[in-house]
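Notes follow once the structure below has been shown.
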Amino acid sequence: MSVLLSPLLAIASLASPAPMHKLPNDMLEDAVEAAVTARLSARRSTASVVRIAVMPEQQVPPGSISIDVGEAAGQWPRKWSALPLRVIVDGRVVRRLTARVELHDPQRRLVYGDRSQAGWPADRIVLDEAEIDVVAPSDELVRNQADLIGLRAKRGRRAGEVVWRSDFEPIPDVSARSRVSVSLEHGRIRLSTGAIALEDASIGQQVSVLPDLSERPVLAVVVAKNQVMIDAKPQ
């Protein structure tokens, strides 16, 4: 009996799985922090890591361990993000995890000093500075009032809110409800008057305007900033 059992025991010992080892959380957190810090530096971001949360008590087989930190989905950096992790042992992926990373970046930022309304030119809007923790791509934040020259508000904002570039849009050559100069040419005759634009338009586009002392709007073409021309040529 012992003669028969010995080979079976040897085979069983060879087939039995290798003992698993606990993967230290410090190793995961250090890998995530190093990868995130390098990516922030590459983007010239001043944000830094506050907290990293990963699933604890991971068991892995023995061998040479490396951690591959994937990219966050969507826009980054941001306050919270989820990064995919691959735990690799001896060149083989043995675990797929997710790390939740919190960043902070407290700095003095531009905020609205008072409420604003959609359509207001940027130079009419009151801005202020406040110490605030905002994590975002640097090109989304407005650094100073000069960044807003030639822009107007796309939406209303409340005092204290952060000023974002996406809050603004270019001021069109003709703005709805603004006064414009209207000219009409027919042969050697040139007439001009004032009018109220009824819609936004850019140079070369048609726009509906309501001339002074008129009750009916007419179509004109934008030829310059706040200037339109009516085509009086016979059709």
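Fair warning: this is a prediction, and the values are worked out from it, not measured in the lab. One is the number of the first residue; the rest follow in order along the sequence.
- A salt bridge links D200 with R152: the distance from a Lys NZ or Arg NE/NH1/NH2 to an Asp or Glu carboxylate oxygen falls below 4.0 Å.
- Summarising the geometry, atom CG belonging to D173 is positioned 4.0 Å from atom CD1 belonging to I203; distances are rounded to the nearest 0.5 Å.
- Contact check on R190 versus E185 returns a salt bridge, with a Lys/Arg side-chain nitrogen under 4.0 Å from an Asp/Glu carboxylate oxygen.
- The two residues E161 and R158 make their nearest non-hydrogen contact at OE1-N, 2.9 Å.
- Within the 3.5 Å criterion, the main-chain N or O of D26 finds no donor-acceptor partner in the side chain of E29.
- Here the closest heavy-atom approach between residue P61 and residue R92 is recorded as CG-NH2, 4.1 Å.
- When every heavy atom of P217 is checked against every heavy atom of L210, the shortest pair comes out as N-CD1, 3.8 Å.
- For the pair D167 (side chain) and V163 (backbone), a donor-acceptor distance under 3.5 Å is absent.
- The existence of a salt bridge linking R78 and D105 is excluded, since no basic side-chain nitrogen approaches an acidic carboxylate oxygen closer than 4.0 Å.
- Hydrophobic cluster membership differs between V221 and V180, with clusters built from Ile, Leu, Val, Met, Phe, Trp and Tyr side chains linked at under 4.5 angstrom.
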Next on the checklist: Walk me through whether D147 and R165 qualify under side-chain contact (heavy atoms from CB on, under 4.5 Å).
Outcome noted: CA-CA 9 Å; D147 292 343; R165 289 186 183 274; 3.4 Å; yes

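- Put simply, the side chain of T37 never gets that close to the backbone of A34: no donor and acceptor are under 3.5 Å apart.
- With hydrogens and angles ignored, the 3.5 Å screen pairs no side-chain donor or acceptor of R177 with any backbone N or O of E199.
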Next on the checklist: With side-chain contact (heavy atoms from CB on, under 4.5 Å) as the criterion, how do Q75 and E140 come out once you've worked through the C-alpha distance, each side chain's angles and the decisive distance to 0.1 Å?
Outcome noted: CA-CA 11 Å; Q75 278 192 327; E140 291 186 4; 2.8 Å; yes

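- Between V207 and A201, the shortest heavy-atom distance links the atoms CB-CB, 3.7 Å.
- R179 places a side-chain heavy atom less than 4.5 Å from the side chain of D212.
- Annotation: side-chain hydrogen bond (donor to acceptor under 3.5 Å, both in side chains) contacts involving residues 216-227, sequence neighbours excluded, are absent.
- Looking at heavy atoms from C-beta onward, W76 lies in side-chain contact with L40 at the 4.5 angstrom threshold.
- Side-chain atoms of R86 do not come within 3.5 Å of backbone N or O of L97 as any donor-acceptor pair.
- Taken from CZ in F168 to CZ in R155, the straight-line distance is 9.5 Å, to the nearest 0.5 Å.
- Ionic pairing of D133 and K79 is present here: one or more N-O contacts between side-chain nitrogen and carboxylate oxygen are shorter than 4.0 angstrom.
- Taking hydrophobic clusters as Ile, Leu, Val, Met, Phe, Trp and Tyr residues chained together by side-chain heavy-atom distances below 4.5 Å, I230 shares a cluster with V174.
- In this structure, the separation between CZ on R95 and CG on L28 is 11.5 Å, given to the nearest 0.5 Å.
- The closest side-chain heavy-atom distance from V49 to V101 is below 4.5 Å.
- Annotation: side chain of R96 is not in contact with side chain of P84 (no heavy-atom distance under 4.5 Å).
- Cluster membership check: I125 does not share its hydrophobic cluster with W164, using side-chain heavy-atom separations under 4.5 Å among Ile, Leu, Val, Met, Phe, Trp and Tyr.
- Taking both residues in full, the closest heavy atoms of V162 and V134 are given as CG2-CG2, 3.8 Å, listed atom of the first, atom of the second, then distance.
- Nearest heavy atom pair, residue P19 against residue P62, reads O-CD, 3.1 Å.
- With a 4.5 Å cut-off on side-chain heavy atoms, R109 and R143 count as touching.
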Item to check | Worked check of side-chain contact (heavy atoms from CB on, under 4.5 Å) between D68 and L85 | outcome: CA-CA 6 Å; D68 177 67; L85 308 180; over 6 Å; no

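- A salt bridge links R39 with E71: the distance from a Lys NZ or Arg NE/NH1/NH2 to an Asp or Glu carboxylate oxygen falls below 4.0 Å.
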Item to check | Check against side-chain contact (heavy atoms from CB on, under 4.5 Å), L184 and M229 | outcome: CA-CA 6 Å; L184 182 149; M229 179 176 290; over 6 Å; no

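- Transitive grouping of hydrophobic side chains (ILVMFWY, heavy atoms separated by less than 4.5 Å) keeps L23 and I88 in distinct clusters.
- Residues Q107 and T46 bring a donor and an acceptor atom of their side chains to less than 3.5 Å of each other.
- Between D30 and V32 the shortest side-chain heavy-atom distance does not fall below 4.5 Å.
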Item to check | salt bridge (Lys or Arg N to Asp or Glu O under 4.0 Å) between R124 and D114, intermediate numbers included | outcome: CA-CA 11 Å; R124 180 182 173 183; D114 201 350; over 6 Å; no

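- Taking CD1 from I171 and OG from S202, the interatomic distance works out to 12.0 Å, rounded to the nearest 0.5 Å.
- Side-chain contact between M27 and I67: present, with at least one pair of heavy atoms (C-beta onward) separated by less than 4.5 Å.
- The residues R108 and E129 are annotated as salt-bridged, a charged nitrogen and a carboxylate oxygen being separated by less than 4.0 angstrom.
- Grouping the Ile, Leu, Val, Met, Phe, Trp and Tyr side chains by contacts below 4.5 angstrom, directly or via other members, places W120 with L148.
- When atom types are taken as modelled, the side chain of D128 and the backbone of V111 share no donor-acceptor pair closer than 3.5 angstrom.
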